[in-house]
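Lettering follows sequence order; numbering is per chain, from 1.
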Amino acid sequence: MTEPRVGHDDWVAEHEERLEERKGLSGLLGRWLAHVPGPAQLAVFAVLAGTLPFWMDRGDLFAYGIFTLLYILLGLGLNVVVGWAGLLDLGYVAFYAIGAYTAGWLASGQFEQVRFHFGSVGISREAQGIHISVWLVLLIAGLLTAVGGILIGLPTLRLRGDYLAIVTLGFGEIIPQFVRNADSIKGFDLTHGTFGISPIDSPGFGEGLNRAVGLPISFAQSFERARLFFWAALVILVITVFCCYRLRDSRLGRAWIAIREDETAAGAMGIPLMRTKTWAYAIGAFFGGVAGAYVASFNSGAFPSQFHFNISIFLLCMVILGGMGSLWGVVIGGAILAWLNVEGLANIGAWVNAHTPLNVEVAKYEFGIYGSIIVLMMLFRPQGLIPERRRKRELEEGTPHGALDDPLYDHRIENEREETR
Amino acid sequence: VELPLAFNDQLFIQLTVNGVTLGSLYALIALGYTMVYGILKLLNFAHGDVYMIGAFIGYGVLSGLGGPLSPDLALAPLVLLMFLAAMLGSGLLGVAIERFAYRPLREAPRLAPLISALGVSFFLQNSVLLLFGAQFRSYNSFVLGSSNPELFEPGPLIDPVFKIRGVNVQLIQLLVLLVTVGLCVALTVMVARTRVGKAMRATAFDREGAMMMGIDTDRVIGFTFFIGSVLAGAAGVMFGLLFSQVFHFMGFLAGLKGFTAAVVGGIGSIPGAMLGGLLVGLAEAYASGYFGGRWAELVVFGILIFVLLVRPQGLLGTPELKKV
């Protein structure tokens, strides 16, 4: 096949034009979002989400609320790689695993040969193993995972897009397998095999801050642990969204989008391809690592069975449903899918069983449903629920465009647009 | 003749036999990947699941006709029928997937059909899950010949046919090898000698050019999907006969390994896919024999990454030139 003639933005813009007459709720929301400045959107979101613990059942909050936030966090990381740089990564779960295991190594009794404490809270000073403050561990895990991302990226990013997808898929399979098998590397227990590393320390503020301003010593030992974990996750998420905003409009972010649109042209314009793509990997991995470490701390354990391939797909589905490259798309897509995952499918299943002669456990087929969502979105609404409006604005405001394009090509696109109307 | 020490080792011979059998399956899967990639530059993620569907169609025929010892059918026609049904069914499925999930996205950016393919893969897996459940379905190939599995009576398909230095080769292993070689030869002849093969080569070389020369490229692409899926369907039935059980998730790893085989051999190259399949099958068999089964997959992926690093165009492939 000849190379596709249009980049992502053009393609989305075409679809948008076709959909212009139909102004649904998502269109309204999208237009609204386009006119509100980013930080204000973020503030509204933070306040809305921050009050959630006051009216949500504590058990639900513990079971779903926190995970929704963390999935969104992972989705944002994946969005950097897939949505902006246009590199299909099917092994994102590997980064999640590296983050979780970093937390397992640096904040638990896994390495009982040593005793090292640094700002640890809520555990005995005498406990064996490495116990570093979880806040610090989050950062270290992010950095370490970013290094992991670079190591995976350096050999693979030279490859063409579809090879990259498979290789990352391979890594996503290899890392959990390695973790499962690495319980005795020359007699050294690195990962504790299938049993995983558990318990892992909890975040907290320690006794000093507790006495001074009443902040909790350790989340896990607090009566309000669900709320504390939720708020802390929200803070991490808000910081991440903010970073993503800044990144998207930075020189680096614009370079990513240029690469996604047309790699050859971007290279010809002097964008260093390898370095830019490696940065995308490193930064995407960083967020994955932070989320992984937080999950490990929240679950008080890192287990190989957590890092299933399906998580990579779930995250990809989030990014696609919301709109590739769109920050709020990821947030909304994540919220919808998390709801589907947790309650929606069970409810739909109950409805189906009550109103039709069928008797199926809908929840069992969640990945079939995600698969269908992916295909249907690609076919009918490739720009996602809340598309990124960049190209749209460019078209409306008449950014110089097409000066270097092949005249035949433009002509052809025009014709196609004529036909579709 | 005295063979070198390693070749006298019975384990080595056993592993080689297993590896060649396994490699035949991977080669058949890899052919589907490589042909589609050659024409569309598309990675057909759902290909592994087409293979899985083939295995299930074979299972359907087997159980629909009353199992291996049905008095109405002799073994040979039964197996033949399983092959034909699975090949035809998979082939049609491949065409349908192309028509509905890939063709509308042909002009879209590269990522779109890839993601769509992934979705199709999940959709197929879950359809089978819905129809057959999550449990393993047994082909009973080991007892193909006994209606009572309790008896644990080895059936005719695992009868040893001949021995290589004391290692038995089973009938089914020979059958797999023969079917694979037959299909590969047929494919090679078709691509090299027939009209449609010429059209396929022309389309792979330059789709637009082929279209201008009056080739109905949509039909050629559909036909390519059909052939690739037919081979995968045959591989699926053979997997069932060899390992006697099939399940809804079997296409995932098999697809990955088939893809590895296609890349190792050089994606886009038909002899490359055959060679790659054989190499991957042998590597997997040796790895599981010498290091233990749990490292086998790591070795296969290690090979994939190594080949991509050292020789991205694969063993028999030609490097791709990017024209702007």
Side-chain angles (χ1 to χ4, degrees), chain A residues 1-12 82 86-88 90 155-156 158-163 165-167 169-171 173-174 177-178 180-181 260-261 263-265 268 309-310 313 316-317 320 324 360 364-380 382 416, chain B residues 37 39-43 45 100-101 104-130 133-134 203-204 206-208 217 221 252-253 256 259-260 263 267 292 294-295 297-298 300-302 304-306 308-309 312 320 322-324:
Chain A
M1 183 157 93
T2 44
E3 290 288 311
R5 294 203 179 77
V6 290
H8 180 83
D9 278 350
D10 279 305
W11 186 48
V12 166
V82 177
L87 308 163
L88 185 55
L90 297 179
T156 52
R158 279 185 308 161
L159 307 169
R160 285 245 324 271
D162 14 21
Y163 283 80
I166 285 279
V167 175
L169 186 66
F171 271 113
E173 281 287 296
I174 283 181
Q177 278 217 18
F178 173 78
R180 199 166 289 140
N181 295 342
R260 179 190 73 191
E261 289 306 300
E263 193 168 326
T264 319
F309 167 65
N310 286 351
I313 299 307
L316 189 68
C317 197
I320 289 164
M324 271 194 277
V360 288
K364 226 166 93 184
Y365 308 105
E366 52 174 338
F367 284 96
I369 294 166
Y370 299 149
S372 316
I373 291 179
I374 290 181
V375 179
L376 294 177
M377 288 301 285
M378 275 297 126
L379 293 179
F380 300 113
E416 272 169 25
Chain B
Y37 194 90
I39 288 196
L40 282 181
K41 300 278 175 287
L42 164 75
L43 195 66
F45 256 112
F100 294 108
L105 293 173
R106 214 176 276 161
E107 300 298 324
R110 215 180 200 130
L111 220 51
L114 209 56
I115 292 172
S116 174
L118 197 67
V120 171
S121 156
F122 272 78
F123 178 77
L124 291 179
Q125 272 172 29
N126 281 265
S127 309
V128 170
L129 183 63
L130 191 66
T203 312
D206 183 345
R207 188 153 66 94
E208 219 158 69
T217 49
I221 291 168
F252 176 71
L253 269 182
L256 258 175
F259 174 79
T260 304
V263 171
I267 201 149
R294 65 182 193 167
W295 294 106
E297 268 137 37
L298 284 183
V300 171
F301 290 128
L304 172 64
I305 289 161
F306 180 76
L308 283 176
L309 289 181
E320 202 172 321
K322 188 159 169 105
K323 283 174 281 184
V324 184

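Contact check for Val120(B) versus Met378(A): no side-chain heavy atoms found under the 4.5 Å cut-off.
For the atom pair Ser116(B) OG and Leu379(A) CG, the distance stands at 5.0 Å (nearest 0.5 Å).
Neither the backbone nor the side chain of Val300(B) comes within less than 4.5 Å of any heavy atom of chain A. With a 4.5 Å cut-off on non-hydrogen atoms, Phe100(B) touches chain A through its backbone but not through its side chain. Heavy atoms closer than 4.5 Å to chain A are found in the side chain of Leu256(B), but not in its backbone. For Ile320(A), the part lying under 4.5 angstrom from a heavy atom of chain B is the side chain only.
Chosen from Leu43(B), Ile115(B), Thr217(B), Leu253(B), the residue pairing most often with chain A at heavy-atom distances under 4.5 Å is Ile115(B). In terms of heavy-atom pairs under 4.5 Å with chain A, the best-connected choice from Ala117(B), Pro104(B), Gly119(B) is Gly119(B). Of all the listed residues (Phe252(B), Phe45(B), Phe301(B)), the one sharing the greatest number of non-hydrogen pairs under 4.5 Å with chain A is Phe252(B). Among Val263(B), Ile305(B), Leu304(B), the residue with the largest count of heavy-atom pairs under 4.5 Å with chain A is Ile305(B). The residue among Leu316(A), Ile174(A), Leu87(A) with the most heavy atom pairs within less than 4.5 Å of chain B is Ile174(A).
By the side-chain contact (heavy atoms from CB on, under 4.5 Å) test, Ser121(B) is found to be paired with Ala46(B), Asp49(B), Gln125(B), residues two or more places apart in sequence or in another chain being considered. Listed by chain and number, the residues in a side-chain contact (heavy atoms from CB on, under 4.5 Å) with Phe123(B) are Ser372(A), Ser127(B) (sequence neighbours excluded).
For the pairing with Leu118(B), the side chain to side chain contact (heavy atoms under 4.5 Å, CB included) check across Leu169(A), Leu88(A), Ile313(A), Val375(A) returns one residue only, Ile313(A).
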